[in-house]
Amino acid sequence: MTRYSDEFIDELKENVDIVDLISDYLELKKTGNRYKGLCPFHSEKTPSFFVNPDNNFYHCFGCGAGGDSINFVMEIENLTFIESVKMLAERSGMELPDMTNQQRQVYKEREELFSLNKLAARFYNYLLTETNMGEKALKYLNDRGFTKKDINKFNLGYAADEWQLLLNFLKKKNFSLHLIKKAGLISEGKNNSYYDKFRNRVMFPIFNNRGEVIAFGGRILESEDNYGPKYLNSPETKIFSKKKNLYGLHLAKDSIRKANSCIIMEGYTDVIQAHKNGFENSIASLGTAFTEEQAKLIKRYAENAYIAYDADTAGNKATLRGLDILNELGINVKVIELEEGSDPDQLLKQEGPNVFNDYLEKAVSLIDFKINMIVKDKNLSEPGSRKKILRSIIELLSEVEDDLEREIYIERAALKTNFKENVLAQEVEKEFKKNRNNKSNRENKNRQKEKKFDLYSQLSYYQKVEEEILAHFISNPSLREELANRISKNDFNGRTAQLAEHLFTGPVISNSIRFEKVKEGLEEELLSYWSEILVKQDNSLNRDRILELADYLSSKRIAKNKEKLCRLLSKKELSLDKLNRILLTFYSLNYNIERRD
């Protein structure tokens, strides 16, 4: 991993208040000398995410995520190490020092990709708004009801019906062919030739949540046979991952936070039309199948999500799985049920914002929507079909944990299917009890995890001492050499012994220990344990007490070894040579104890 100087990284971390930083993304509550909250990296109802402000570390006892302020920004913002350092430096008002050549190369390429995409977006916008080439595309957008203000807000553009127009423009701006290809803006033809990937299309730049252009979507204006699919998107690049981004979020995030809800739509024009009509918390999912990364991104800004997809799309399996992902992350999902053949863009343009708002207010819960999908267009009078429908409803309602909520849905389902409510309730209850038994093992594991949230409740005194010494060894360089003289990796057990194996080496003892360096050499489980012991660390212990604990660890090992030797001495038929070695070892153990006294 490329790095800035250790001195700069140390100063940066000292200048960043990790509690203040993490509080920008989730609510933290003080508990003793630590803070806790609901983990932003997985779904949970009981807070298991802890922050230790004394050593600027966080750790989740539920999913194992952990690290320092730089690592937190990398994970939650999907940034590289260098970009995270830059973001934190800007936050704390620090100037970035010179980078190494390797750093500069990595950082430069990403910055060039951002610059390249930004320039391409401006070029497409220019073709649309300022040239005769864009007249047809401009008419298409105007016919859809979009004004110059809408076009400028979303930086819409036009890719001309030319083979190398963008390519030649970017080459004149001194961008290399290699970089343009990496950005996904050109395709390779025969004989090492290249041509513009997007041609004769209305262009929709895709931004990350910081407002940087990372990719494009293009809508064809002519026959799909001649120009490829109706919609064409940029490929995955070093700065664009479809599953980690949402269209329009850079414009919508403030409104989403304010409303504590977002409206998720299917297409670019749906979002633009929604913003035009005052629904500025609208975004699009870059595909109907929601990913966990997208759901986590939404959860950072809101607790509620309204789904406004086309009627046909809303009920397909991929969409429903995406809605389940949102629901599993603790987001309250409601579905706006549009009429067959309608979409938000069309509804807003033809009926206006008031009608759309009526649909919004009538949005149904995810369970209600699934029941509607199960019943939709089915023959409830035919016995075989009816039984299959009821079985699907029973399985669905048996997953509802809350008794009152389950009863409400049973009543609604009975009305929709004209089935006896008491019989349906009995069947759901049987299935619910069966599910409960199947879930018992998982619930027991969760309860065990929750006990761990007390930090030390499940540890023996000896293990607490081991963890405390390692935590101070990591975070207190002035103690490191003296601790290394008193104890060794052999004084530890289990996971602490595995960490000690990594820590008690010459280079580590004499140098600083940083999380970004540790990530390169430790497997995931030990890396999680590293952040765990640092979050647990008791910084009220003074130097003398830590050294006392180190002596305690060492003496415990010596005592165990002496017991082992005594057992050997009690055995008969020992050779003189072996007896001599045992006595010398015994003498050495006694000497080590007396020397410390």
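No experiment lies behind these values; they were computed from the predicted model shown.
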Heavy-atom pair with the smallest gap, counting every atom of [X] and [Y]:
X	Y	value
Val271	Ile283	CG2-C, 3.4 Å
Glu468	Asp538	OE2-N, 2.7 Å
Arg110	Lys238	NH1-O, 2.7 Å
Ala302	Ile256	CB-CG2, 3.5 Å
Ile336	Ile263	CD1-CG2, 4.4 Å
Gln346	Gly341	OE1-O, 3.3 Å

Going by atom types only, do [X] and [Y] share a side-chain donor-acceptor pair under 3.5 Å?
X	Y	value
Asn372	Lys416	yes
Asp343	Tyr309	no
Glu266	Thr313	yes
Thr269	Gln273	no
Ser69	Asn56	no
Thr80	Glu83	yes
Glu466	Asn493	yes
Ser365	Tyr409	yes

Does the side chain of [Y] come within less than 4.5 Å of [X]'s, by heavy atoms?
X	Y	result
Val51	Val535	no
Lys334	Phe369	no
Thr291	Ile325	no
Phe240	Phe216	no
Cys262	Ile264	yes
Lys296	Leu329	yes
Ser342	Asp310	no
Val364	Glu337	yes

Result block: side-chain N/O donor-acceptor pairs under 3.5 angstrom for residues 417-432, not counting sequence neighbours:
{"from": "Thr417", "atom 1": "OG1", "to": "Ala413", "atom 2": "O", "distance (Å)": "2.8"}
{"from": "Glu427", "atom 1": "OE2", "to": "Lys430", "atom 2": "NZ", "distance (Å)": "3.2"}

Taking the basic N atoms (NZ, or NE/NH1/NH2) and the acidic carboxylate oxygens, is any pair closer than 4.0 Å for [X] and [Y]?
X	Y	answer
Arg412	Glu407	no
Arg406	Glu399	no
Asp150	Lys153	no
Lys536	Glu467	yes
Lys276	Asp345	no

Ring geometry between Phe61 and Phe50 (parallel below 30°, tilted from 30 to 60°, perpendicular above 60°):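 Phe50 and Phe61: perpendicular rings.
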Aromatic ring pairing Phe204/Tyr247, orientation class (parallel under 30°, perpendicular over 60°, tilted between):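 The rings of Phe204 and Tyr247 stand perpendicular, inter-plane angle above 60°.
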Pair His275 + Phe154: ring centers closer than 6.0 Å: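 Yes - the distance between ring centres of His275 and Phe154 falls below the 6.0 Å cut-off.
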If only atom types and distance count, is the side chain of [X] paired as donor or acceptor with the main-chain N or O of [Y] below 3.5 Å?
X	Y	value
Glu532	Gly64	no
Asn277	Ala274	no
Arg91	Val16	no
His42	Gly62	no
Glu236	Lys242	yes

Lys253 charged N/C atom sitting above Tyr301 aromatic ring, 6.0 Å / 45°: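 Output no; distance or angle outside limits.
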Residue pair Glu77, Tyr25: steps toward the side chain to side chain donor-acceptor pair (under 3.5 Å) verdict: CA-CA 10 Å; Glu77 290 284 359; Tyr25 299 90; 2.7 Å; yes
Value rounded to 0.5 Å, distance of CG in Asp68 from OG in Ser84: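 Rounded to the nearest 0.5 Å, the CG-OG separation comes out at 10.0 Å.
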For Phe207, ring-ring contact (aromatic ring centres under 6.0 Å, His included) partners two or more places apart: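 Phe207 satisfies ring-ring contact (aromatic ring centres under 6.0 Å, His included) with His250 once adjacent residues are dropped.
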